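Beneath this line is the structure, given in structure tokens, with notes to follow.
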Amino acid sequence: MSSTYNHKTIEEIIQNKWNEENRYVSKIDKREKYYCLSMFPYPSGKLHMGHVRNYTIGDVISRYKRMKNFNVFQPMGWDAFGLPAENAAIANRVSPDDWTNQNIENMKSQLQSLGFSYDWSKELRTCDSSYYKWEQLIFKKFYDAGLVYRKKSMVNWDPEDKTVLANEQVIDGKGWRSGAQIEIKEIDQWFIKITDYADELLSSLEELDWPENVKLMQKNWIGKSYGAEIEYKIDASKDSLITFSTRPDTIFGVSFLAISPNHPLAIKISKDNEKISNFLDKCKEAKAAEADMAKAEKLGIDTNLRVIHPLTGEKLPVWIGNFVLLDYGTGVVMGVPAHDSRDYEFAKKYNLNIKEVIQNNEEELPRTENGILINSDKFNGLSSEEGSKKIIEELVKLKSGKQLIQFRLRDWGVSRQRYWGCPIPVIYENGDPKVINEKDMPVELPKLKKNSPPIPLSQNEDFINLGNNLFRESDTFDTFMDSSWYYARFTSSNNNSEIFDENTNYWLPVDLYIGGIEHAILHLLYSRFFHKALRDIGLVEGNEPFKRLLTQGMVLKDGAKMSKSKGNTVDPQSYIEKYGADTVRLYMMFTSPPEQSLEWSESSVEGASRFLKRIWSLIEGKKYIKQDIKFEFSKEEIELRRKCHATLKKVENDYESRFSFNTAIAAIMELLNFIPDEFKKDNATDAQKFCLNEAILFSLKMLFPISPHICEYLWSSFVNDGSCIESSWPEYDEAIIESDEFELIIQVNGKVRGKLNISKNLDEETVKNLSLGVENVKNIIADSEIKKAIFVKDKLINFVI
RNA sequence: GGGGAUGUGGUGGAACUGGUAGACACGCUUGGCUUAGAACCAAGUGCCGCAAGGCGUGGGGGUUCGACUCCCUCCAUCCCUACCA
């Protein structure tokens, strides 16, 4: 009678049906809108498991919301500029353009085979000039608003290839292709003043429905700190050094100043001091990445300059330290070895003074927590907080300092010296930069000659030299620029005459944004900044782009991030072919909760497939017969109905507020396991069939968001009335879920010693007496005196003996 | 170095508000079906113990009638660290 489950045929039939119905093209209508966005992929060639996981989560929620009658918008596009295209171009002699387009084509068909319900009519790719034209316009508007400036900044320079390298391309201080020792080089670059928005980026975190850990990471990254700017006069000179410190209470413990190797003063004295000049050269060999810098050995050199302590008049040495960042604060650190672990390490190494000025319950130095001031002249005995306040007042009086709020956040360098990116729309006239007019946009990225490797724009004479002393800017934008506003452009991606339109205000903000936890800081912070800046130039409404955020954990293989750069990927394609999209989606959602990392394991996929086969054989060939409820249900039937409605309630909560798909699936499995065998037989009673039908209908609908093909297929053959499963989330009946009995837990000294099925709402005395009648409980208590009993109504009783 | 997470059976995980630890699966064991295997079906499965019972949520300590859950401390692993995306 029944056929076996064939995922290939079913998925093809159902996907064709969706396409014919144009089911996932979204338009403005009267229902409540729901903009569900998953982070668009970099088109690296094939989908990896991280994508499958991310996009399945987005699709499950989109489908669930559609069933709940929301007007759902779920678009998809391509973060198409970036380094890998250039690398592939060099390795395979394919143009970045062709390589990217082929990858997009391939990945798009993979996405379609997974049955994701995207509105493909809004597809965009950041490498199309129809997209980046508007990015160039945004840059101009930002420039006009005073948010853009030029500044010298460090890059990793490969002296052999004569190119700038990304941090990723520097391995052990050497260029990954040339093997040459990398140098830190300073070049002019474009910056965007994200720091103008530092305060708002911090304060409006509060209004976001985001995971607390992500908000905390952003908060710490922005790093607002209250402290003091303190001036140290250089001995025998009119100049001075200015430091910022969050611990002015430790000022009497300062025993040296350390300046950055890139500090103008360091460069100045290196000019006629060979030792120092050698030291600075050595510092240039370090990698620019913060993590490497922090791990590197702390090195320093005495400049022989002395500064005067503003409160004690003491003369202190000025050192150059490789751990001092020029970009943070003033590029000068006041060294307090006794109360800062980095300064302590440095002072020990170079035999500098260590002076204790804070007393607290930390026994050993360095004592980094707040405490009580000692050895601090008239400030002795004050707390750190009070001491800081009084010391700042004193410094202000002496005109040697002031209170200051400092951010850790630095301005955003958006220049990249590469080919495959959005050209920065600037022309230099006699060396003066001028942003071009909107009518001359887009500045198109020049096509490459056939089979030529991608050369940076700076070496493309045809592109940059416009004659008459006019030169084009040769830097391209950081690809984070491209991904900082795509969420907004999706709403108007077909509009070639305006950047945004009435659809933009209808769909924004994004109601749910889903993506990897690795983007918790940079991408999300840049996008938030963009939204605020776009708001202030009148292009969008609202303060924040992403109302709610779901950060999925990494997909790991052998304990490490699966990534194209590490080459430890598992190809989803073979699994889609072997088991089908429904199984792959089910496996992904069942294996671990979305926010946790998922360690890939082969063996469980089989189990997911088996579950779908069980559903298939339970339902295939059965027909739904609509019946009125006219039955006196038996106890067994009542229990099935209770389980059925309770499961629906749980699944709804799991989808809606917990994003806990693994427990939702487990609950559906439990429900199906719970159906007694007699109910499934042809000779079952009408009442049994009624209960079975209810369980089947609920299960198919509950599982539809996760494994939509098989559910829609079975549902339409089971119900066969032309209605659509996608608009029909069922309702549970609280009265059916309610039971007048519960299982009482009986504990003795906190250990479970018995269980009892009893009526609800019994008072403590009755429950106590019933419990003490349980054989095992009686034996354990025996002659012991019951000191007290803890009673939790309709839950447990605990006897303390 | 800094910031953020995670740690529960052989494995993935559940326990949502401090109240039954191990739901639901994978794997394994036994049995059925089969010439045999696969698939499927049924039963069992945290550890120690014949049992009674004891022990168990990374290690150590604490709070509580009661702790996977709260506090302190230590350890291990993963992510981010501003030019991978």
Side-chain angles (χ1 to χ4, degrees), chain A residues 4 39 41-42 44 79 81-84 87 154-156 164-170 194 211-214 216-217 219-221 223 288-296 298 323 327 341-342 345 408-418 478-480 483 516-523 525-526 553-554 556 559-561 563-565 590-593 595-599 601-608 610-611 613-614 617 650 653-654 657-658 660 662-663 665-670 673 743-752 755 787-790 792 795-796 798-801:
Chain A
T4 50
M39 290 180 186
Y42 178 79
S44 53
D79 189 11
F81 274 137
L83 260 191
N87 297 335
M154 320 294 169
V155 291
N156 301 308
V164 174
L165 298 185
N167 286 334
E168 186 186 57
Q169 299 174 306
V170 182
I194 189 172
E212 284 307 318
N213 63 326
V214 176
L216 192 57
M217 280 191 257
K219 182 178 173 240
N220 291 335
W221 184 263
E290 197 210 53
D292 296 275
M293 224 149 114
K295 268 179 236 144
K298 282 159 199 53
F323 56 93
D327 291 329
S341 33
R342 210 166 43 175
E345 199 186 317
R408 203 189 81 99
L409 181 67
R410 309 199 292 260
D411 276 337
W412 178 11
V414 296
S415 286
R416 297 292 180 271
Q417 296 71 33
R418 297 196 230 293
D478 175 6
T479 53
F480 275 126
S483 56
I517 183 68
E518 68 272 22
H519 294 293
I521 296 174
L522 294 179
H523 163 62
L525 193 69
Y526 291 141
M554 314 289 304
L556 307 176
K561 177 183 176 179
S563 74
K564 47 192 176 295
S565 58
F590 185 56
T591 293
S592 64
E595 311 219 51
Q596 275 178 40
S597 61
L598 181 154
E599 171 72 37
S601 98
E602 305 270 337
S603 51
S604 301
V605 186
E606 196 74 45
R610 227 181 277 167
F611 174 63
K613 282 182 198 156
R614 274 205 297 274
S617 55
K650 181 190 168 44
N653 181 49
D654 283 352
S657 56
R658 293 210 307 155
S660 175
N662 56 332
T663 52
I665 295 164
I668 299 167
M669 289 174 167
E670 241 182 285
N673 291 345
E743 191 182 49
L744 175 79
I745 303 304
I746 307 161
Q747 299 182 332
V748 178
N749 285 344
K751 288 203 170 98
V752 181
K755 295 173 187 180
K787 288 181 191 146
K788 64 172 164 175
I790 281 113
V792 183
K795 191 162 247 166
L796 65 76
N798 182 15
F799 296 105
V800 184
I801 59 171

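The basis for the numbers below is simple: all heavy atoms, side chains too, and nothing from hydrogens, waters or symmetry mates. No experiment lies behind these values; they were computed from the predicted model shown. Chain identifiers are assigned alphabetically (A, B, ...) following the order of the sequence lines, protein sequences preceding nucleic acid strands; residue numbering begins at 1 within each chain.
Within the structure, a side-chain polar atom (N or O) of N662(A) is placed less than 4.0 Å from OP1 or OP2 of A14(B). Contact annotation: R614(A) does not reach the phosphate of C24(B) (side-chain N/O to OP1 or OP2, under 4.0 Å). A sub-4.0 Å separation between OP1 or OP2 of G2(B) and a side-chain N or O of R408(A) is absent. Proximity of N220(A) to the phosphate of G2(B): no side-chain N or O atom is located under 4.0 Å from OP1 or OP2. Listed pair R610(A) / C40(B) meets the phosphate criterion, a side-chain N or O lying under 4.0 Å from OP1 or OP2.
Taking atom CD1 on I517(A) and atom P on G4(B), their separation rounds to 12 Å, with Å as the unit. Between M554(A) atom CE and G7(B) atom C1' the separation is 18 Å, expressed in whole Å.
For M669(A), counting side-chain heavy atoms from C-beta on, the closest listed nucleotide (C24(B), C65(B), A85(B)) is C24(B). The listed nucleotides are C24(B), C84(B), A82(B); the one nearest the side chain of N673(A) is C24(B). Closest approach to the K751(A) side chain among C55(B), C84(B), A14(B) is made by C55(B) (side chain taken as heavy atoms from C-beta onward).
Counting only distance, with no hydrogens or angles, the side chain of N798(A) and the backbone of I790(A) share no donor-acceptor pair below 3.5 Å.
Taking a cutoff of 4.0 Å between a charged side-chain nitrogen and a carboxylate oxygen, E290(A) and R408(A) qualify as a salt bridge.
With C1' as the reference atom, A5(B) and C26(B) are 26 Å apart, rounded to whole Å.
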